[in-house]
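Reading through the structure tokens given below for one structure.
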Amino acid sequence: MKRIVKLSVRNVGHDATDPITALHRAGEEAIRASGIGWTFLRPTAFMSNALNWAGMIAADQVVYAPFAAGRAAVVDPADIAAVAVPCLTEEGHDHRVYELTGPDPLSPSDQVAILGRVLGRDLRYAEADPAGTLAQMVSYGMSEEHAHAVIELFRSTVEPYNSEPTGDVTVVTGRSARSFTDWAQAHRNEFPAPEAGQHAATIEESR
């Protein structure tokens with residue numbers, strides 16, 4: 001039997017209207033209308049988004065990110081893949097929607113604190129202005145339209161539903177979803193340490 005497993009976003013099921021969610025909602029509707037069997041995977045924010053902070057952490061050990069009040073039960077992309085495999089290869093998942101989350105609702109500050117413990121570094125979080133973050137993404141080569149859409153998706157972390165973990169990873173895989181600590185430990189080598197000179201300068205300045 002033919003089956004489509006679509007990677008969507010959690011916001012689709014919660015009436016969000018940002019551009020990225022609207023695009024995924026339209027995709028889901030087209031698949032429903034196709035007559036082909038389907039399963040929709042709707043994850044919350046990826047834990048791997050924290051890799052975007054690696055440069056800031058290496059530079060001055062401060063992470064600048066918007067929406068300090070936002071909290072999301074971020075999910076390990078490996079858990080999304082672990083759910084997708086049986087949905088593609090086994091029966092029992094037709095016309096099912098899975099909201100995929102990690103086990104803990106975390107703010108940006110919470111994630112930075114966990115990274116600091118795993119990396120053994122004194123990391124700090126500072127809230128960034130959304131407009132400044134948008135401008136920075138554009139300066140890196142992202143289109144303004146795309147950058148605006150990403151900012152609006154980030155903004156959804158202040159919605160209460162994004163902080164609510166689900167058990168859908170466990171329902172499909174039979175095991176618990178990985179924690180952000182698990183993810184950070186597995187990817188710790190992707191966060192380079194500050195250069196020795198920078199580190200020495202930082203120590204000297206702190207005296």
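A side-chain hydrogen bond (donor to acceptor under 3.5 Å, both in side chains) check over residues 130-142, counting only residues at least two apart or in different chains, returns the pairs Gln136-Tyr140. For residues 175-187, the set of pairs meeting the salt bridge (charged side-chain N to carboxylate O under 4.0 Å, His left out) definition, not counting sequence neighbours, comprises Asp79-Arg175, Asp79-Arg178.
Considering every non-hydrogen atom in both Pro165 and Gly102, the closest pair reads CB-O, 3.5 Å. Between Thr170 and Ser176, the shortest heavy-atom distance links the atoms OG1-CA, 3.5 Å. The two residues Val83 and Val169 make their nearest non-hydrogen contact at CG2-CA, 4.1 Å. Looking at every heavy atom in both residues, Phe180 comes nearest to Val74 through CD1-CG2, 4.2 Å. For the residue pair Ala126 and Val62, the shortest heavy atom distance occurs at CB-CG1, 4.1 Å. Nearest heavy-atom pair across Asp94 and Gly37 is OD1-CA, 3.1 Å.
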May I have the list of side-chain donor-acceptor pairs in residues 41-56 shorter than 3.5 Å, sequence neighbours left out?
{"unit_1": "Arg42", "atom_1": "NE", "unit_2": "Glu28", "atom_2": "OE2", "d": "3.0"}
{"unit_1": "Arg42", "atom_1": "NH2", "unit_2": "Glu28", "atom_2": "OE1", "d": "2.6"}
{"unit_1": "Thr44", "atom_1": "OG1", "unit_2": "Asn162", "atom_2": "OD1", "d": "3.1"}
{"unit_1": "Asn52", "atom_1": "ND2", "unit_2": "Asn49", "atom_2": "O", "d": "3.2"}

Please set out all donor-acceptor pairs under 3.5 angstrom arising from side-chain atoms of residues 111-123, sequence neighbours excluded.
{"unit_1": "Arg121", "atom_1": "NH1", "unit_2": "Pro192", "atom_2": "O", "d": "3.2"}
{"unit_1": "Arg121", "atom_1": "NH2", "unit_2": "Phe191", "atom_2": "O", "d": "2.8"}

Contacts under 3.5 angstrom, residues 64-72 side chains, donor-acceptor by atom type, not counting sequence neighbours:
none

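Under the side chain to side chain donor-acceptor pair (under 3.5 Å) criterion, Arg188 pairs with no residue, sequence neighbours left out. For His24, there are no ring-ring contact (aromatic ring centres under 6.0 Å, His included) partners two or more places apart in sequence or in a different chain. Annotation: ring-ring contact (aromatic ring centres under 6.0 Å, His included) contacts of His14 (sequence neighbours excluded): Tyr161. Listed by chain and number, the residues in a salt bridge (charged side-chain N to carboxylate O under 4.0 Å, His left out) with Arg25 amount to none (sequence neighbours excluded). Partners of Arg32 under the salt bridge (charged side-chain N to carboxylate O under 4.0 Å, His left out) rule, at least two apart in sequence or in another chain, do not exist in this structure. A search for side-chain contact (heavy atoms from CB on, under 4.5 Å) contacts involving Ser109 returns Ser107, Tyr125, not counting sequence neighbours. By the ring-ring contact (aromatic ring centres under 6.0 Å, His included) test, His187 is found to be paired with Trp183, residues two or more places apart in sequence or in another chain being considered.
The cluster map of Ile, Leu, Val, Met, Phe, Trp and Tyr, joined by side-chain heavy atoms under 4.5 Å apart, puts Leu23 and Leu7 in different clusters. There is no path of hydrophobic side-chain contacts, each under 4.5 Å, that joins Val172 to Val85. Hydrophobic cluster membership is shared by Met137 and Leu153, with clusters built from Ile, Leu, Val, Met, Phe, Trp and Tyr side chains linked at under 4.5 angstrom.
Considering only heavy atoms from C-beta on, Trp38 stays 4.5 Å or farther from Val5 through its side chain. In this structure, Cys87 and Tyr98 have side chains that are in contact, with non-hydrogen atoms separated by less than 4.5 Å. Residues Leu100 and Arg10 fail the side-chain proximity criterion, which asks for heavy atoms closer than 4.5 Å.
We find the OG-CD1 distance between Ser156 and Ile20 to be 9.5 Å, quoted to the nearest 0.5 Å. Taken from OG1 in Thr101 to CG in Asp76, the straight-line distance is 12.0 Å, to the nearest 0.5 Å. How far CG of Asp104 is from OG1 of Thr181: 7.5 Å, rounded to the nearest 0.5 Å. Rounding to the nearest 0.5 Å gives a distance of 9.0 Å between CD of Glu99 and CG of Asn11. Rounding to the nearest 0.5 angstrom, the gap separating the CD1 atom in Ile36 from the CD1 atom in Ile31 is 8.5 Å. For the atom pair CG (Leu106) and OG (Ser179), the distance works out to 9.0 Å, reported to the nearest 0.5 Å.
Remark: Arg3 does not engage Glu90 in a salt bridge, criterion side-chain N to carboxylate O under 4.0 Å.
A donor-acceptor pair is defined here as one N or O able to donate and one able to accept, closer than 3.5 Å; such a pair exists between the side chain of Thr39 and the backbone of His93.
Counting non-hydrogen atoms of other residues, nucleotides and ligands closer than 6.0 Å to CD of Glu127 gives a total above 12.
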